[in-house]
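Input: a single structure, listed below in structure tokens.
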Amino acid sequence: MNFKSLEDFWVFYMNQHSKPSTRRWHFVGTLFSIVFLLCSFLFSWWFLFFVPFAGYGCAWYSHFFVEGNVPATFGHPFWSFLCDCRMFGLMLTGQMDREIKRLGKRPVIQVCVAAAVAVCMILKYDALQTDTGMRNIDMQIHFFEVKFVDGKMVLCG
């Protein structure tokens, strides 16, 4: 993918980090990288060895095992580094949620709930033991009304 500006890449970068836990893993990795960098200045230059492993290790773990995508670092290493620093700063100052709203993104958990509510069904299975040892399954379907009160989703059943 070719991007014309860092702001264009930022939108892509945030799509690649849609889950809050992915962003948290990045935050922890960046924080540890900063700590190891400071330790290399204060104690021994050998701590520099741990800087990339802490940062990239946590970030790549979150992409492969949490987000389920390929890190943007592979295609755009410099812009990814700049966007990671920006995301770290926004998280550190508590402005990440506002940025997600600005970009029109919703946290994944709300998207999943909204998708489930859009279907308007929750299935409940009650397994009952019969005389023959077979299981009968009763399916109950419940319908809910969705309201948004003060920016929060409320289910009314």
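Just the heavy atoms: all of them, side chains too, but no hydrogens, waters or symmetry mates, feed the values below. We count residues from 1, following the sequence as given.
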Return each pair, listed once, that meets salt bridge (Lys or Arg N to Asp or Glu O under 4.0 Å) where at least one residue sits in residues 24-50; pairs must be two or more places apart or across chains.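 Residue pairs with at least one partner in residues 24-50: there are none.
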
Please tabulate, for the side chains in residues 29-54, all donor-acceptor contacts under 3.5 angstrom to protein atoms that are two or more places apart in sequence or on a different chain.
residue: T30; atom: OG1; partner: H26; partner atom: O; Å: 2.9
residue: T30; atom: OG1; partner: D84; partner atom: OD2; Å: 2.6
residue: S33; atom: OG; partner: G29; partner atom: O; Å: 3.0
residue: S33; atom: OG; partner: V51; partner atom: O; Å: 2.8
residue: S33; atom: OG; partner: G55; partner atom: N; Å: 3.0
residue: S40; atom: OG; partner: L37; partner atom: O; Å: 2.5
residue: S44; atom: OG; partner: W46; partner atom: N; Å: 3.2

Hey, does the side chain of D8 reach the backbone of F3 with a donor-acceptor pair shorter than 3.5 angstrom?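 No, D8 side chain to F3 backbone: no donor-acceptor pair under 3.5 Å.
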
Counting only N and O atoms by type, is there a donor-acceptor contact under 3.5 Å from the side chain of S80 to the main-chain atoms of A72?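 Answer holds: yes.
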
Side chain to side chain contact (heavy atoms under 4.5 Å, CB included) involving F64 - partner list, sequence neighbours excluded: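 Here the qualifying residues are W60, P71, F74.
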
Mind checking what makes side chain to side chain contact (heavy atoms under 4.5 Å, CB included) contact with R86, not counting sequence neighbours?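 If we apply the side chain to side chain contact (heavy atoms under 4.5 Å, CB included) test to R86, skipping adjacent residues, the hits are E7, W10, L90, E99, R102.
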
Assign the ring pair H76 / W79 to parallel, tilted or perpendicular, where the plane angle (0 to 90°) is split at 30° and 60°.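 The arrangement is parallel - the two ring planes meet at less than 30°.
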
Return the [atom1] to [atom2] distance between [X] and [Y], rounded to the nearest 0.5 Å.
X	Y	atom1	atom2	result
S62	H17	OG	NE2	6.0 Å
M96	R23	CE	CZ	5.5 Å
Y13	C83	OH	SG	6.5 Å

Report yes or no: do [X] and [Y] belong to one cluster of Ile/Leu/Val/Met/Phe/Trp/Tyr joined by side chain heavy-atom distances under 4.5 Å?
X	Y	value
V66	V70	yes
V28	M87	no
L82	L92	yes

Return the minimal non-hydrogen interatomic distance between M14 and L103, and the atom names on each side.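 Result for this residue pair: CG-CD1, 3.5 Å.
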
Could you work out, with side chain to side chain donor-acceptor pair (under 3.5 Å) as the rule, every residue matching T22, not counting sequence neighbours?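 Testing T22 for side chain to side chain donor-acceptor pair (under 3.5 Å), a comparison that skips the adjacent residues, returns E67.
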
